[in-house]
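Everything quoted here is computed from the prediction, not taken from an experiment. We number each residue from 1, following the sequence as shown. Whatever order the structure lists them in is the order used to number ligands and atoms, beginning at 1.
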Amino acid sequence: MPDREQTVRVTLANEAYEIHVGAGLLQNIGTRIAGLTSARAVAVISDRNVASHFSDTVRRSLASAGLTILAECVIPEGEQNKSFAQIVSAYDVFLRAKIERSTPIIALGGGVIGDMTGFVAATILRGVPFVQVPTTLLAMVDASVGGKTGVNHVVGKNLIGAFHQPIAVFADPEVLRTLPRRELIGGLAECIKHEIIRDAEGFAALEKNIDATLRLDMDVLTALIAHNVQIKAKVVESDPFERGERAHLNFGHTFGHAIEKVSDFSYSHGESVALGMVAAVNLAVDLKMLESKDKDRIIALIERAGLPTSGLTLDVRAVHEAMAFDKKVKSSRIRLILPDRIGHVVIRDDVPADAVFKAIKGLR
Ligand SMILES: NC(=O)c1ccc[n+]([C@@H]2O[C@H](COP(=O)([O-])OP(=O)(O)OC[C@H]3O[C@@H](n4cnc5c(N)ncnc54)[C@H](O)[C@@H]3O)[C@@H](O)[C@H]2O)c1
Ligand SMILES: [Zn+2]
């Protein structure tokens, strides 16, 4: 076991599991999984990129722990493959290989693989165990925590899914060395979001450590990931079915989803959320909820992370209109998560439309 491993325990109504964060964990993934199950075979879902980097390591580690791979399903990478066609191909592979109720499925990949594997595990044979091995920063700090699984539909993203908790999560920051820079930075947008909504001290720590994070300092990354997992886990524990407080996680996302959509996804999710957080903090200052100096710190950190804070080239009206169609909008009012200080947010559904418009315009 690597010596600097950190563990976060997630407890939901009738399930509890651990999220382990540590550099080098992947090397021992076989032993770790063998310790969780009496099954002697596992199934694996991954994508082509991830498999090309890590499949051999995982295979070797599973074999040395006495676990056989019942079947491995490697799908093409990318959000466009988070589809029913790929889910069905996984069902085919696993059912033909005679997967059993006790066979764990390992999700080896980013959020796309985690969400799809979770859905397959929730539904195949009416539910089998699954283990998350997230390989992007976003998947480590966000997608692998909370038990939401999903598949895209042509009508929209994540419209079909189920809640299904993994039996464990193993996040090894070493795997981030091969992650494209833009993906790493995109994950940082969610980390910044977590600190803003919950933790002023964590925000200050991230200000101090942002350069080391970008240099992939493993100790700093381990601490950052574990801390962010803890924040998300606490929010989810307090609201497992997304009825209240979990909405805080949408900070920056109501603006962000609209930017993503109107840009036809040329702004990545992380970039869109970064711009969305900037719009939200400007709006909060305009509404006299947030002090200017806090806004300045937030925007400075987003910028130092390598994320955009201005230069939006999209039509302001189009973004404004797209916000009204966000699926998290209750009735026709735009519901926004706005900070009143670093580390704390409130839900507002009374913000005048012209103030929202001005906040988007301010991103240009
Ligand atoms: N379930 C949830 O609560 C939740 C929360 C947030 C996001 N999500 C979902 O997560 C998805 C986005 O996840 P993502 O950003 O991880 O994207 P992703 O899974 O598409 O991964 C991004 C890219 O990086 C590649 N990659 C992954 N790990 C790598 C590594 N270590 N080295 C080299 N390349 C690697 C992938 O092949 C892919 O091309 C979306 O579908 C979103 O809906 C779910
Ligand atoms: Zn997000």
Side-chain angles (χ1 to χ4, degrees), residues 10 26 45-55 57-58 74-83 86 107-119 122 130 132-153 156-166 169 171-194 197 216 221 228-229 232-233 235-236 240 242 246 248-257 259-260 265 267-277 307 326-328 337:
V10 184
L26 200 69
I45 302 187
S46 188
D47 74 26
R48 288 185 302 207
N49 284 337
V50 175
S52 75
H53 292 294
F54 308 116
S55 209
T57 306
V58 170
V74 179
I75 67 170
E77 62 285 349
E79 186 71 36
Q80 70 278 15
N81 293 303
K82 192 172 158 183
S83 65
Q86 297 301 338
L108 176 66
V112 164
I113 292 301
D115 278 13
M116 290 172 77
T117 305
F119 186 78
F130 89 115
Q132 294 259 30
V133 185
T135 62
T136 64
L137 182 58
L138 178 132
M140 292 178 187
V141 300
D142 189 353
S144 69
V145 190
K148 278 211 249 171
T149 75
V151 193
N152 296 334
H153 185 275
K157 283 175 64 171
N158 294 325
L159 292 180
I160 297 162
F163 285 94
H164 190 54
Q165 306 296 336
V169 181
D172 179 351
E174 288 284 354
V175 305
L176 301 177
R177 294 191 192 281
T178 56
L179 187 67
R181 199 72 180 164
R182 195 176 178 203
E183 301 290 346
L184 179 81
I185 290 171
L188 273 176
E190 307 291 351
C191 296
I192 295 171
K193 174 193 80 175
H194 284 149
I197 67 167
L216 299 183
L221 269 173
N228 274 269
V229 162
K232 178 147 187 203
V235 175
V236 169
E242 222 180 353
R246 197 157 166 170
H248 291 178
L249 296 168
N250 283 328
F251 170 58
H253 280 62
T254 309
F255 288 102
H257 284 146
I259 291 168
E260 241 183 320
F265 300 93
Y267 280 107
S268 72
H269 180 73
E271 290 159 357
S272 304
V273 168
L275 287 164
M277 292 191 289
L307 289 158
D326 191 274
K327 73 171 188 259
K328 276 146 192 158
I337 312 302

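Considering backbone and side-chain atoms together, Thr136 places an N or O closer than 3.5 Å to an N or O of ligand 1. Ligand 1 has no N or O atom lying under 3.5 Å from any N or O atom of Phe54, backbone or side chain. The shortest N/O to N/O separation between Glu77 and ligand 1 does not fall below 3.5 Å. Polar contact with ligand 1: absent for Ile113 (N/O pair, distance under 3.5 Å). Distances between N or O atoms of Glu79 and those of ligand 1 include at least one value under 3.5 Å. Checking only distances, Lys148 does come within under 3.5 Å of ligand 1, N or O to N or O. At least one N/O-N/O distance between Val175 and ligand 1 falls below 3.5 Å. For ligand 1, one of its N or O atoms has an N or O atom of Thr178 under 3.5 Å away.
The closest heavy-atom contact to atom 12 (C) of ligand 1, among the options Leu138, Asp172, Leu249, Asn49, comes from Leu138. Of the listed options His269, Gln80, Glu190, Lys82, Lys82 places a heavy atom closest to atom 42 (C) of ligand 1.
For the side-chain hydrogen bond (donor to acceptor under 3.5 Å, both in side chains) criterion with Asn228, the lone passing option out of Lys193, Glu190, His194 is His194.
Residue pairs satisfying the side chain to side chain donor-acceptor pair (under 3.5 Å) criterion with at least one member in residues 135-144, sequence neighbours excluded, are listed as follows: Asp142-Lys232.
Residue-level proximity to ligand 1 for Thr149 is absent, since no heavy atom of it falls below 4.0 angstrom.
Within the sub-2.8 Å shell of the Zn ion (ligand 2), the protein contributes these N/O/S atoms: Glu190 OE2, His253 NE2, His269 NE2.
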